[in-house]
Amino acid sequence: MAVNILPLPNSVMTAFEILAASDPRACLLVNAQGIVQSVNPAVKHSLPGIEPGTDMMSVSASPDLVAEFLAQCARTRGPVPGSIVLTGMDGEPNDWSCHGGLVGEAADGSALIILRLQLSELGKSAFAKLNQKINALNSEIEWRIRADQATAHLAAIVASSTDAIYSKDLDDNITSWNEGAERMFGYSAQEIVGTSSRSLIPQDGRAEEAMILRRVTAGETLEPIETVRLCRNGNLLDVSITPSPIKNRDGEIIGISKIVRDISVRKRIERSLSAANKTFEQLVNNSPFGIYCIDADFRIALVSAGAQKVFENVRPLIGHDFSDALRILWPEPIASEFIDLFRHTLETGETYHGPNTVENRNDTAEQEAYDWKIERMILSDGRPGVVCHFYDLSEHQKFEAALRESEQRFRGTFENASVGIAHVGLNGQWLEFNDRLCSLLGYTRDELLQRTLDSVRHPDDHALDGEQVDGLLSGDVTSIQCEERYIRKDGSIIWLGVSVGLQRDDADSPAYLIHVARDVSDRKAAQEHHEFLMHELSHRSKNQLAVISAMARQTARSAKSLDDFRGMFEQRLHGLAVSIDMLVKQGWGGVPLRNLINKQLEAFKGSDDRLQCEGLEVTLNSTAAESIGLALHELSTNCLKYGAWSVPTGTVSIIWEFRSADTGKQLFLQWVERGGPPVIQPTHRGFGQTVIEHLVAQKLDAKVELSYPTAGLEWTLLLPLGD
Amino acid sequence: MRLDHQHVLIVEDEFFIALDLEDSVREAGANVVGPAANVKDALALLDAETITAAILDVNLGRELSLAVAQRLEQDKIPFIYHSGQTALLGSPAWPKAPVVNKPAMPIALIAALAEAIRK
């Protein structure tokens, strides 16, 4: 554009600038040729194509009209209204109402005209449209700036997120892939963007993924979904996925973004928690102890095997209202008391311990005793509940009582047994023995503890031999019986009948030996006595037969006739029989002298006053009794025939006493006859006299004196007393 | 059966049997030495008297006659045991000699002694 600005007089320029500066209308100072000399500030906005130097003809669609209007203004004094068409800032020709006025002359004498321009109504609407367009453009620019800022911000967030964030289009192709995704799945953005997202989905997750896609595209907002994704290395990963739609500016869904969070740690914890809960429930359920759990709703949640019996009348059990269950089990007010205790613990977490609760049951009417404890704990549903542990004291007490009774019975049997009982370990050491065994062996308990059974057994009596014990251990033999001698503390021998059995433990292994010992000394003594008697009987009977036949022959030698022989022999046989009879009655042990005298003389003495006996108690052994008996018999026979008893008044006195001699103690025995016929010493020495004088002397090593004073026969015996 | 010229020691503690043996031996023509009722007396008689044969009871009440039997064997004097307890002679300590069981007939006893002397 050619610039043709005239040098203006200062006064005109100054007047224009002052007049136009604050005018909201576009004001132009032009010369008569239509060249713009100056513009006010409003022109820059409304007519940006016009500046000093602009030819008005060139910016108007109708330059002729402009030239005519300017010519009219130059001719006229005062303002001239008119209208011109100018092209404004929108590039469109607009109608402007115009007031022109001549203000002076330029240096060349041409007119200077001020034009005040205002858009006509028509021009205003076009301008408004333009303005609207500008505003729209401005707001777009502003939106873009903000959008760019937000995008940058979002991009920063996405990039730095530890979660995997990726997006895909509706054809399942991945369109973005952040660093978190690279770390989580092992694929770099470069290799995965543009490929199908199916590589991330395990075979059995396809249907689920299709469902997610369907629901997201249908406009549903989805909660995070917990599922499994496949990593590049083939591992399956527990993840939580939050899908969101991606829309364009028009609101159309063009893809899906996914925020993927690694929840494998949480899942692992959840699984172990779930396993722990399951284990806890199994433990409780299978426990032989009394355990049950009440849940937060005060319902029975778990009951151990050991607690089933308590609740046998509560059906159904699991899920049963616990208050109701307690009222089935216990009468009021106990039930309510228990309910309050459980509720208190559930609400406050305070534990409660009932060490010995004894009550009568409501349902069974039986008295039961429990030691129980309740405490609050989190149950597997994640809510607090109450766990009750209890111990059935009544069962325990019954068991204890039975055990005590059994123990007492055993103790009683063991300690009061009439037999000695010992438990002996397989190593031969005592485990236990009773007092009776101590008394049998003559030791105190402490003394016996220092010894073993083997050490007090008679060395000649075999201990249990190995074979027998093997039999016991193997079970082939149930017990061993034997009779053995034991040496008591005082050195004396005791015969014990011992029966040995084996005690096995719960595992049926040999535990220890049980010795039961009874005193068989008496029986042994009786047996020995019996053997002695049998032996004596055999010996004596043979001997007696020999003695009797000898006696018969001796009697026959001195007999005057057969009748005489028979009389004499019978009497002697009788005398012998009396002594033997007495000995048999005394068990061959010995005969009291006084009894022997009475028996032997019974048949001869007549009345009691014809015999006086005086002496201490003395017992004769069998040999002495037999010999002295025979001598007394012969003395009596003689006395009846020839001596004191042959007349009515004669008497016999027998006295005996112990005397001391150089050779030791002696028995002095004297037979003295008085009141009989005068004694004449016999000339013939008969069998009777031989017996009286020699039998006792020889048999008993005794000293015998037979004398014949006239007053009466005297027979004196001095018998040495061995023991 | 006669025992003429024999000096027969009788060892017997049973008085009546001793008396009877004495009579039987004497009736058979022999001289009786004793009877002795115990070992001590019997050994004393063996020391002091002429003895050519003996009748020996085994059980002398308080003792057995083993020492006498051994002495008789040592002196080579024929003898017989006269006993009711022949089981006692089972022990090898006892010298071998004929045994006559008690009770015995006197004639059997004399015959057994004569036989022992003859051998």
_I'd like to know which of B:Leu21, B:Asn38, B:Asp23 tops the heavy-atom pair count under 4.5 Å against chain A._
B:Asp23

*asked:* Apply side-chain contact (heavy atoms from CB on, under 4.5 Å) to residues B:Leu113 and B:Val100 and explain how you reach the verdict.
replied: CA-CA 9 Å; B:Leu113 184 60; B:Val100 177; over 6 Å; no

*Classify the angle between the aromatic ring planes of B:Tyr81 and B:Phe79 as parallel (below 30°), tilted (30 to 60°) or perpendicular (above 60°).*
perpendicular

*Could you tell me which portion of A:Ser627 (side chain, backbone, both or neither) has an atom closer than 4.5 angstrom to a non-hydrogen atom of chain B?*
neither

*Determine the interplanar angle of the A:Trp645 and A:Trp671 rings, folded into 0 to 90°, and report it as parallel if under 30°, tilted if 30 to 60°, perpendicular if over 60°.*
perpendicular

_Heavy-atom proximity to chain A below 4.5 Å, by part of B:Glu22_ = neither

*B:Glu49 (side chain) donor-acceptor with B:Val33 (main chain) under 3.5 angstrom*: no

_Greater than 12 external heavy atoms within 6.0 Å of A:Lys599's NZ_ = no

*By a 4.5 Å heavy-atom criterion (distance strictly below it), what part of A:Ile548 contacts chain B: side chain, backbone, both, or neither?*
neither

*Side chain, backbone, both or neither: which part of B:Asn59 has an atom under 4.5 Å from a heavy atom of chain A?*
side chain

